[in-house]
Amino acid sequence: MAKEKAFVTEIADINENFPQWYTDVIMKTQLVDYGPVKGTMVIRPYGYAIWEHIQRELDNRIKETGHENAYFPMFIPYSYLLKEAEHVEGFAPEVALVTHVGEEELTEKLVVRPTSETIICDMYSRWIQSYRDLPVLINQWANVVRWEKTTRPFLRTSEFLWQEGHTVHATAQEAEEETIKMLNVYAEFAKNVLAIPLLLGKKSEKEKFAGAVATYSIEAMMKDGKSLQAGTSHNLGQNFAKAFNIKFLDKDGTHKMPYQTSWGVTTRLIGAIIMIHGDERGLVLPPFVAPVQAAIVPVAMHKEGVLENAESLYNRLKKAGIRVKLDATDNSPGWKFNEYEMKGVPLRIEIGPRDIENKVATVSRRDSNEGKFTLPIESLETEIPKLLAQIHENLYNKASENLKNRTRIVKDMAELEKAVNDNCFALSMWCGDPSCEAKIKELYQATSRNMPFDQTPVGETCVCCGKKAKHKIYFARAY
RNA sequence: CGAGGUGUAGCGCAGUUUGGUAGCGCGCUUGGUUCGGGACCAAGAGGUCGCGUGUUCGAAUCCCGUCACCUCGACCA
């Protein structure tokens, strides 16, 4: 008991020590465990179930927009990486190289994929001959390996799970449209499934993907006002087509080089969910990805009829398509209440002798402090889905409020410094010079996030150097 | 790689200054009483003190070495 009380106190540290709170919650709710190799993460069933719901919902959307799933090998010849100059420069420091099999040295070194552009482009160069072969719209669900120096569960691990789309188009315009389209798919998905509001925009040259012509990102604001890049969509132009010699014979009888895109989101989204919706009592999971949407806690289980009523309610809700769990273990009710709150279960349903007598169930929402209320037991099949939808709305609105309240328009370096020190996003004007970006990073540890599509100016001059501004851009501290 | 810190039961820690029987809390097991906000009583199980050397009658404790992990910097979805 003492330990759990202490846990609640630690969780309450959310305001002072957000990263500590984050790892504590993840470990104590059994989402993950640390792997034996530094920087690796074991995703436990409760955490993996969240990923499965993310996968299912996002996969539907990817398919609805015309893409198909495929799978490419995780081992890539090192020489492939070397073909695109920027790409190898960007990834070489963090790739895991396979040099030996047993004692025998390999004549051609292999990398464990840090991303799949190179191997996929190699295949595309064989698959594509005619304009009739285009567009190619393929997506892959896979794991990738990037040996980062410091790691944090879900946000940055040596190996992570993701979805990577790789498309090929006949024209530059089509490729750009695809890049933006998928960014919007992510945004719709984040809003309607994860209850996360996003900032969409274009990355600066410095922050763009190694090998891309342009990178667009979705940025999310964590509860503490820091930014998290939640996904990216790249317009690769013809860079990889050139490097891998992808050509097609067009209608006019001439060979042309196609234009490509790639886009991905990762298990980092789970980290975003935790850091956006969580509170001092632990996880708060958005209903549409919660492994358990409603937990039934029988009270005074030994009393006549309690367990039978709980079981019958469980069966009814299950049949109604709700992800429901009945906890009939002999832990005390109070223990169970805290357990499911900590684990972020959106709804708790208590059922005890008093409820049975009144033909009601006692319901409690995880997302609000409004306390318990009762509902007629016969109405739950229809009421629970409504409540889940309300919880989703409420989470989205709260996150949107936070984003709005913590975003400031800044005109100069003093205001920018104040904004990031107050844990706010700084919406700034920028001259476009990378040295201004670098200076802001060095002085205030804030990086450029992205340049929103709506470029309506909020000033005339660069926040850093005071010269004429070219872009509207967000600066923020980021995870 | 630069700076700091920690390794003792499944988890969290005390014990190390001053060498002398391996401790505490939680968790776990069994039995009983409980059950509407982390219940209580009783009895149990569980550790070559990160690893290796050395000093000593005797080392978790002292010396030397080594490994691992954590935090902060540079890199990143």
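Reminder, nothing fancy here: chain letters follow the sequence lines and each chain counts from 1. The structure displayed is predicted, hence computed values, not measured ones.
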* In whole Å, what is the span from the CD atom of A:E117 to the C1' atom of B:A77? -> 12 Å

* Asked: Hey, would you say the A:H169 and A:Y259 ring centroids sit under 6.0 Å apart?
  -> no

* In residues 67-84 of chain A, which ones come under 4.0 Å of RNA chain B, going by heavy atoms? -> none

* **Watson-Crick or G-U wobble mate for B:A14, both contacts under 3.5 Å** => none

* Within the structure shown, what part of the strands sits under 4.0 Å from A:E219 by heavy-atom distance: base, sugar-phosphate, or nothing? -> nothing

* Asked: Are the side chain of A:H100 and the backbone of A:V98 linked by a donor-acceptor contact shorter than 3.5 Å?
  -> no

* Write down the distance separating the C1' atoms in B:U17 and B:U33, rounded off to the nearest Å. => 48 Å

* **Partners meeting ring pair (Phe, Tyr, Trp, His ring centres under 6.0 Å) with A:F244 (sequence neighbours left out)** => none

* Sugar-phosphate, base or nothing in reach of A:T157, heavy atoms under 4.0 Å -> base

* Asked: Taking atom C1' in both B:C24 and B:C49, what distance in whole Å separates the two?
  -> 15 Å

* To do: Quick one: list whatever passes side chain to side chain contact (heavy atoms under 4.5 Å, CB included) with A:H471, sequence neighbours left out.
  => A:W430, A:M451, A:Q455

Under 3.5 Å, sequence neighbours excluded: what are the donor-acceptor pairs made by side chains of residues 282-309 of chain A?
| from | atom 1 | to | atom 2 | distance (Å) |
| --- | --- | --- | --- | --- |
| A:Q293 | OE1 | A:R323 | N | 2.9 |
| A:Q293 | NE2 | A:P287 | O | 3.0 |
| A:N309 | ND2 | A:G305 | O | 2.8 |

* Asked: Taking atom P of B:A77 as reference, at what distance in whole Å does atom CD1 of A:I270 sit?
  -> 18 Å

* To do: Provide the Watson-Crick or G-U wobble partner of B:A60, both distances under 3.5 Å; none if there is no partner.
  => none

* Set of residues satisfying ring pair (Phe, Tyr, Trp, His ring centres under 6.0 Å) with respect to A:H166, sequence neighbours excluded -> none

* Is the backbone of A:V185 close enough, under 3.5 Å, to the side chain of A:K181 for a donor and an acceptor to pair up by distance? -> no

* Any donor and acceptor pair, going by atom type alone, linking the side chain of A:Y314 with main-chain N or O of A:D327 inside 3.5 Å? -> no

* side chain to side chain contact (heavy atoms under 4.5 Å, CB included) partners of A:A438, counting only residues at least two apart -> none

* To do: Measure from CZ on A:R449 to P on B:C76 and round the result to the nearest Å.
  => 12 Å

* Structure fact -> Whichever of A:E339 and A:A478 has the more 5' nearest nucleotide on RNA chain B, that residue is A:E339

* **Residues A:E341 and A:R366 bridged, charged N to O under 4.0 Å** => no

* **Nucleotide B:G37, atom C1' - distance to NZ of A:K372 in whole Å** => 6 Å

* **Watson-Crick or G-U wobble partner of B:A22, both distances under 3.5 Å** => none

* Asked: Using purine N1 to pyrimidine N3 plus N6-O4 or O6-N4 for Watson-Crick, or N1-O2 and O6-N3 for G-U wobble, each under 3.5 Å, what pairs with B:C72?
  -> B:G2

* **Spacing of A:N338 atom CG relative to B:G37 atom P, expressed in whole Å** => 10 Å

N/O donor to acceptor pairs below 3.5 angstrom from side-chain atoms of residues 218-225 of chain A, sequence neighbours left out:
| from | atom 1 | to | atom 2 | distance (Å) |
| --- | --- | --- | --- | --- |
| A:E219 | OE1 | A:S227 | OG | 3.0 |
| A:E219 | OE1 | A:R449 | NE | 3.0 |
| A:E219 | OE1 | A:R449 | NH2 | 3.0 |
| A:E219 | OE2 | A:K203 | NZ | 2.9 |
| A:E219 | OE2 | A:S217 | OG | 2.8 |
| A:K223 | NZ | A:H277 | O | 3.4 |
| A:K223 | NZ | A:G278 | O | 2.5 |
| A:D224 | OD1 | A:K226 | N | 3.1 |
| A:D224 | OD2 | A:Y479 | OH | 2.6 |

* Nearest-Å distance once atom C1' is located in both B:G5 and B:A9 -> 23 Å

* **Closest approach of A:L416 to A:Y444 (non-hydrogen atoms, all atoms of both residues)** => CD2-CD1, 3.6 Å

* Between protein and nucleotides 66-75 of chain B, map the contacts as a letter string: B base, S sugar-phosphate only, - none, heavy atoms under 4.0 Å, written 5' to 3'. => ---SS---BB

* For residues 354-363 of chain A, which residue pairs qualify under side chain to side chain donor-acceptor pair (under 3.5 Å), counting only residues two or more places apart or in two chains? -> A:D355-A:T362

* To do: Could you list the residues that satisfy side chain to side chain contact (heavy atoms under 4.5 Å, CB included) with A:F453, not counting sequence neighbours?
  => A:I180, A:L183, A:L200, A:Y216

* Check for a donor-acceptor pair, side chain of A:R268 on one end and backbone N or O of A:L155 on the other, with a separation under 3.5 Å. => yes

* Could you measure between the two C1' atoms, the one in B:G10 and the one in B:G47, and give it in whole Å? => 12 Å

* How far does the P atom of B:A45 sit from the matching atom of B:U30, given to the nearest Å? -> 15 Å

* Asked: Separation of A:W335 atom CH2 from B:G27 atom C1', in whole Å?
  -> 11 Å

* **Residue matched to B:G46 through Watson-Crick or wobble contacts both under 3.5 angstrom** => none

* To do: Provide the Watson-Crick or G-U wobble partner of B:C51, both distances under 3.5 Å; none if there is no partner.
  => B:G65

What does the list of N/O pairs under 3.5 Å between the protein and nucleotides 32-35 of chain B look like, with a distance for each?
| from | atom 1 | to | atom 2 | distance (Å) |
| --- | --- | --- | --- | --- |
| B:C35 | O2' | A:A300 | N | 2.9 |
| B:C35 | N4 | A:H302 | ND1 | 3.0 |

* Protein-nucleotide distance (A:W141, atom CH2; B:A77, atom P), rounded to Å -> 18 Å

* **Pair partner, B:C40 [Watson-Crick or wobble, under 3.5 Å]** => B:G32

* Asked: When you measure from every atom of RNA chain B, which of residues 346-370 of chain A have a heavy atom less than 4.0 Å away?
  -> A:R348, A:E350, A:G352, A:P353, A:R354, A:D355, A:T362

* B:A39 and B:U21: how far apart are their P atoms, nearest whole angstrom? -> 38 Å

* Do A:F75 and A:Y80 have their ring centres less than 6.0 Å from each other? -> no

* **P gap between B:G73 and B:G27, integer Å** => 36 Å

* Asked: In whole angstroms, how far is the C1' atom of B:C76 from the CZ atom of A:R268?
  -> 8 Å

* B:A77 - base-pair partner by Watson-Crick or wobble geometry, distances under 3.5 Å -> none

* Counting any heavy atom closer than 4.0 Å, what does A:L155 reach on the DNA or RNA strands: base, sugar-phosphate only, or nothing? -> base

* Asked: Looking only at atom C1', what distance separates B:A22 and B:C13, rounded to whole Å?
  -> 14 Å

